[in-house]
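Accompanying notes for the structure given below.
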2 protein chains.
Amino acid sequence: MTSPSRPEPPPDCPLERYLHVVSGAWVPRILWFLRFGPRRFGDLRRDLRGISTKVLTAKLRTLEADRLVSRQELATSPRQVQYALTERGMAFEPVFEAMIRVSHHLAELEEATDPAMDR
Amino acid sequence: MTSPSRPEPPPDCPLERYLHVVSGAWVPRILWFLRFGPRRFGDLRRDLRGISTKVLTAKLRTLEADRLVSRQELATSPRQVQYALTERGMAFEPVFEAMIRVSHHLAELEEATDPAMDR
DNA sequence: GGGGGTGGTAACCGATTGGTACCTACTTGT
DNA sequence: ACAAGTAGGTACCAATCGGTTACCACCCCC
């Protein structure tokens, strides 16, 4: 019997909390590149090769609304806008570290089970 | 200057490795519910309230192809099919643990900064 | 005043994702 | 015989997500 007595999905499931803010193709990648410090709009656009300015601004706006990212206009010559992780945004760091460890682990498993053998 | 000398996105970025298999609205949730042990098709459909059978089978097939999930037909009365995490699938556990920690941390931050004050 | 770089906005489109409805095939229960 | 529950498959849609193209405003330099 595999069905009975499972940990009921709590109404505020940690996974749902996470996925609510980090979803879609770009948001994880944006947070990823902000891990290393503040970044300007154009920097991010180059980091995330392939993203359109439309989507980048849209995603940054939602991240701002969720208070994971702060936006700061620098009073510089051609006008620069700097985006950085807020304290809330930095809280996601453990997830990225876990992803790194998992990726390494997967690579090891691949090596171990010979590139053409399974089951 | 914030732009120069950033950690170049490695061709096989850990994040890309992760997102390659875990993407979309349902895959993370499927892995989440398989964390607790093997699960049958109908169980998963009830766990993931709202998923359609079409999408569930499709996602389980891709997870099987990526060897994160194993499929086993049980020789039972009405025919049951059991899905379970493979060793590769279990490797993702640290990510989910990190998500749990992050969610808790975020909840704490919310309490700390009073439900109506910011900036 | 033109060119280039900054950081966008708006309108339109295409691709991807997921949902609905309906179907099969098998087994159990009434 | 028939309903109901198991695990799907298929065809057709709807919504969401992201891309393309154009354009704007600002500033600097020449």
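Computed from a predicted structure; not experimentally measured. Naming convention: chains lettered A, B, ... in sequence-line order (proteins, then strands); numbering from 1 in each chain.
Spacing between atom CG of D43(A) and atom C1' of dG5(C) amounts to 13 Å, rounded to whole angstrom units. Distance CZ (R49(A)) to C1' (dG18(D)): 19 Å, rounded to an integer number of Å. Look at CD on Q72(B): it is 13 Å from P on dG8(D), rounded to the nearest Å. In this entry the distance linking CD of E73(B) with P of dA7(D) reads 10 Å, nearest Å. Protein atom CG of L74(B) is 11 Å distant from nucleotide atom P of dG8(D), rounded to whole Å. Here the P atom of nucleotide dG8(D) and the CG atom of L44(B) are 10 Å apart, to the nearest Å. Taking atom CG of residue L56(A) and atom P of nucleotide dC17(D), one finds them 16 Å apart after rounding to whole Å. dG5(C) atom P lies 14 Å from atom CD of Q80(A), rounded to whole Å.
Judged by distance alone, the side chain of R79(A) and the main-chain N or O of A75(A) form no donor-acceptor pair under 3.5 Å.
Each of dG18(D), dG8(D), dG8(C) was ranked by its minimum atom distance to the side chain of A25(A); first place goes to dG18(D). Proximity note for V55(A) (side chain, C-beta onward) versus dG18(D), dG8(C), dA7(D): the nearest is dG18(D). Distance from the side chain of W26(A) is smallest for dG18(D) among the nucleotides dG18(D), dG5(C), dG18(C).
Between W32(A) and F96(A), the angle of the ring planes goes over 60°, which puts this pair in the perpendicular group of the 30/60° scheme.
Each of P78(B) and T53(A) lies near DNA chain D, and the nucleotide nearest P78(B) is the one positioned closer to the 5' end. Each of G24(A) and T76(A) lies near DNA chain D, and the nucleotide nearest G24(A) is the one positioned closer to the 5' end.
Enclosure of atom CZ in R17(A) by more than 12 non-hydrogen atoms of other residues, nucleotides or ligands within 6.0 angstrom is indicated.
Contact check, R79(A) against dA25(D): no side-chain N or O comes under 4.0 Å of OP1 or OP2. Using a 4.0 Å cut-off, some side-chain N or O of R61(A) falls inside it from OP1 or OP2 of dG8(C). At least one side-chain nitrogen or oxygen of R71(B) sits closer than 4.0 Å to the OP1 or OP2 atom of dG8(D). Distances shorter than 4.0 Å separate none of the side-chain N or O atoms of K59(A) from OP1 or OP2 on dC17(D). Within the 4.0 Å cut-off from OP1 or OP2 of dG9(D), at least one side-chain nitrogen or oxygen of T57(B) is found.
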Which is it for E87(B) and R67(B) under the salt bridge (charged side-chain N to carboxylate O under 4.0 Å, His left out) test, yes or no, and what are the steps along the way? CA-CA 9 Å; E87(B) 196 185 345; R67(B) 305 195 335 277; over 6 Å; no
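In this structure, CZ in F92(B) is found 7.0 Å from CG in L31(B), a value given to the nearest 0.5 Å.
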